[in-house]
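Only this structure's heavy atoms are used, side chains among them; waters, hydrogens and symmetry mates stay out. The first residue in the sequence is number 1, and the count goes up from there. It should be emphasised that the depicted structure is a prediction, and the values quoted were computed from it without experimental measurement.
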Amino acid sequence: MSDLIEFTNEHGQRIELTRELFLEKVALPTMERFWDDKDMLRQFAMDLVSKEFFTEAAQAADRLLELYGPIEPALIFRAVVHMHQQEFEQAKSLLIYVIQNYPNAGSAYTNMSKILVLEGNEEKAFEFLEAGLVKDPNQDNGLDWYVSNFVEHGKIKELMERLEFFGREEGAWRPQLIMGRLSMQEGNLLLAMEKYQEAITKSGDSEITIMNVTGELGQAGYVYQLIQFAEKYWKPNFEYPYVGFNYANALISSDQKQQAVEVLKEMLPHVQEQFKEVVQNFLDQLPPELLEEKQEEHSDSQDAKKPWWKVW
């Protein structure tokens with residue numbers, strides 16, 4: 001655990017404080033300010049967990065139960081805080097209640113699995129993890145954990161079979177996304193593209209899925225395949241600019257520089273105010289000659305910025 005906490009203040013400045021000062025000057029006053037605002041308190045409580053202020057997170061979790069009532073997300077969050085405090089019996093009691101009263105709560109099964117691992121019952125933990133993924137196969141945390149267990153033991157074929165099984169559940173798309181990633185890593189680009197296409201389609205052309213697909217293709221160096229997906233799915237009015245960034249980087253890498261500039265310029269009027277400066281900075285960092293149509297080929301600048309591929 002770091003002795004320093006880095007955070008962004010209300011003016012957008014990055015600041016570092018000791019844990020003691022952060023608790024005194026930031027955490028406690030913020031929690032008091034959000035005490036009656038359940039949405040803001042929920043977000044801040046999750047941040048407290050990530051920064052390992054578990055005592056304060058427990059206070060916020062109890063308050064959230066008062067504000068929301070005993071609904072599934074509030075109960076699971078309280079159980080998670082219990083787990084971080086190593087109060088396993090209290091955590092399991094809440095999760096069992098959720099499983100009994102909210103039978104489709106996949107994350108309740110996943111968190112029960114984590115507790116069972118900490119208690120040394122790995123066989124039972126695996127059963128709960130699989131049950132949770134059947135309930136909700138799009139759990140990013142649970143699915144990543146599941147995948148890592150197979151990958152560590154080199155059981156890729158078995159993993160692909162299990163992901164196919166989870167992917168048949170109604171509304172499932174994340175298993176297909178991971179199958180695409182694994183297929184690409186195994187050198188089967190044709191299958192990777194097929195699974196990536198399935199993931200996008202089954203997610204309802206979700207911007208987040210498209211972001212992941214284009215980001216993963218970019219990181220792997222498959223810029224022409226990235227462009228193929230971006231041409232089909234990218235929209236300048238996406239909520240986030242990152243698919244556009246992935247698209248523009250791919251175009252630059254494939255020497256389609258003018259098209260990259262056009263993508264960035266097309267995005268600029270549509271992005272949320274908080275992202276306008278980021279898009280403009282991307283444009284400003286490009287060599288000036290890219291902003292004009294040229295009749296002759298130009299070699300890449302030696303100090304050109306390395307592409308940055310965004311994966312959600």
Colleague: Looking at E161 and K155, is there a salt bridge between them, counting it only when a charged N and a carboxylate O are closer than 4.0 Å?
Modeller: no
Colleague: Using the side-chain contact (heavy atoms from CB on, under 4.5 Å) criterion, which residues pair with L17? Sequence neighbours excluded.
Modeller: F7, I15, L21, F22, V26
Colleague: Let me check something: do M211 and V223 share a hydrophobic cluster, defined by ILVMFWY side-chain heavy atoms less than 4.5 Å apart, either directly or through other members?
Modeller: yes
Colleague: Considering only NZ, NE, NH1 and NH2 on the basic side and carboxylate oxygens on the acidic side, decide whether R63 and D36 come within less than 4.0 Å.
Modeller: yes
Colleague: Checking the side chain of K124 only, and the main-chain atoms of L116 only, is there a donor and an acceptor separated by less than 3.5 Å?
Modeller: no
Colleague: Assess whether a salt bridge exists between K265 and E262, defined as any Lys/Arg side-chain N lying under 4.0 Å from an Asp/Glu carboxylate O.
Modeller: no
Colleague: May I ask you to decide if W173's main-chain N or O and N138's side chain share a donor-acceptor pair within less than 3.5 Å?
Modeller: yes
Colleague: Taking only Lys NZ, Arg NE, NH1 and NH2, and the carboxylate oxygens of Asp or Glu, determine whether D62 and R78 approach each other closer than 4.0 Å.
Modeller: yes
Colleague: Using the salt bridge (charged side-chain N to carboxylate O under 4.0 Å, His left out) rule, take R181 and E186 through it: C-alpha gap first, then chi angles, then the decisive distance, then the call.
Modeller: CA-CA 9 Å; R181 182 188 310 152; E186 293 289 307; over 6 Å; no
Colleague: Please answer whether the main-chain N or O of E89 pairs with a side-chain N or O of S93 as donor and acceptor at a distance below 3.5 Å.
Modeller: no
Colleague: Can you check whether E198's main-chain N or O pairs, donor with acceptor, with T201's side chain at less than 3.5 Å?
Modeller: no
Colleague: Nearest 0.5 Å, what's the CG-CH2 distance between D140 and W145?
Modeller: 14.0 Å
Colleague: Applying side chain to side chain donor-acceptor pair (under 3.5 Å), which residue pairs with at least one partner in residues 95-111 are found, sequence neighbours left out?
Modeller: T110-Q139
Colleague: Considering residues at least two apart in sequence or located in another chain, which fulfil the salt bridge (charged side-chain N to carboxylate O under 4.0 Å, His left out) criterion with D47?
Modeller: K51
Colleague: Looking at E66, I want to see if its CD is surrounded by more than 12 non-hydrogen atoms of other residues, nucleotides or ligands under 6.0 Å.
Modeller: yes
Colleague: Only counting residues at least two apart or in another chain, list the ones meeting ring pair (Phe, Tyr, Trp, His ring centres under 6.0 Å) with F126.
Modeller: Y146
Colleague: Over all heavy atoms of both residues, which pair between V98 and A108 is shortest? Give the atoms and the distance, please.
Modeller: CG1-CB, 3.8 Å
Colleague: Out of E87, M112, M83, which one pairs with K92 under the side-chain contact (heavy atoms from CB on, under 4.5 Å) rule?
Modeller: M112
Colleague: When rounded to the nearest 0.5 angstrom, what distance separates OG1 in T209 from CZ in F229?
Modeller: 11.5 Å
Colleague: Could you tell me whether K235 and E207 have a side-chain N and a carboxylate O separated by less than 4.0 Å?
Modeller: no
Colleague: Indicate if L226 and L182 have the same hydrophobic cluster label, given that clusters are the connected sets of ILVMFWY residues with side-chain heavy-atom separations under 4.5 angstrom.
Modeller: no
Colleague: Do other residues, nucleotides or ligands put more than 12 heavy atoms under 6.0 Å from E123 CD?
Modeller: no
Colleague: Kindly compute the distance separating CD (E52) from NE2 (H84), expressed to the nearest 0.5 Å.
Modeller: 8.5 Å
Colleague: Does R42 count as lying over the ring of Y68, i.e. NZ or CZ under 6.0 Å from the six-ring centre, within 45 degrees of the axis?
Modeller: no
Colleague: Report the residues that fulfil side chain to side chain donor-acceptor pair (under 3.5 Å) with N141, sequence neighbours left out, ordered by chain and then residue number.
Modeller: K114
Colleague: Between CD of Q228 and OH of Y233, what distance do you get to the nearest 0.5 Å?
Modeller: 9.5 Å
Colleague: So, N188 side chain and S183 main chain: donor-acceptor pair closer than 3.5 Å or not?
Modeller: no
Colleague: Side chain to side chain donor-acceptor pair (under 3.5 Å) with Q85: which residues, sequence neighbours excluded?
Modeller: none
Colleague: Given 3.5 Å as the limit, does a donor-acceptor pair link the side chain of Q176 with the main chain of G167, or not?
Modeller: yes
Colleague: Does R162 qualify as a cation-pi partner of F166, given the criterion of NZ or CZ under 6.0 Å from the six-membered ring centre and within 45 degrees of its axis?
Modeller: yes
Colleague: Report, as yes or no, whether the 6.0 Å neighbourhood of atom CD on E32 holds more than 12 heavy atoms from other residues, nucleotides or ligands.
Modeller: no
Colleague: Are L264 and Y240 connected into the same hydrophobic cluster when the rule is that any two of I, L, V, M, F, W, Y join if their side-chain heavy atoms are below 4.5 Å apart?
Modeller: yes
Colleague: Measuring from L217:CG to N246:CG, what's the distance to the nearest 0.5 Å?
Modeller: 9.5 Å
Colleague: Roughly how far, to the nearest 0.5 Å, is CZ of F34 from CG of D39?
Modeller: 11.0 Å
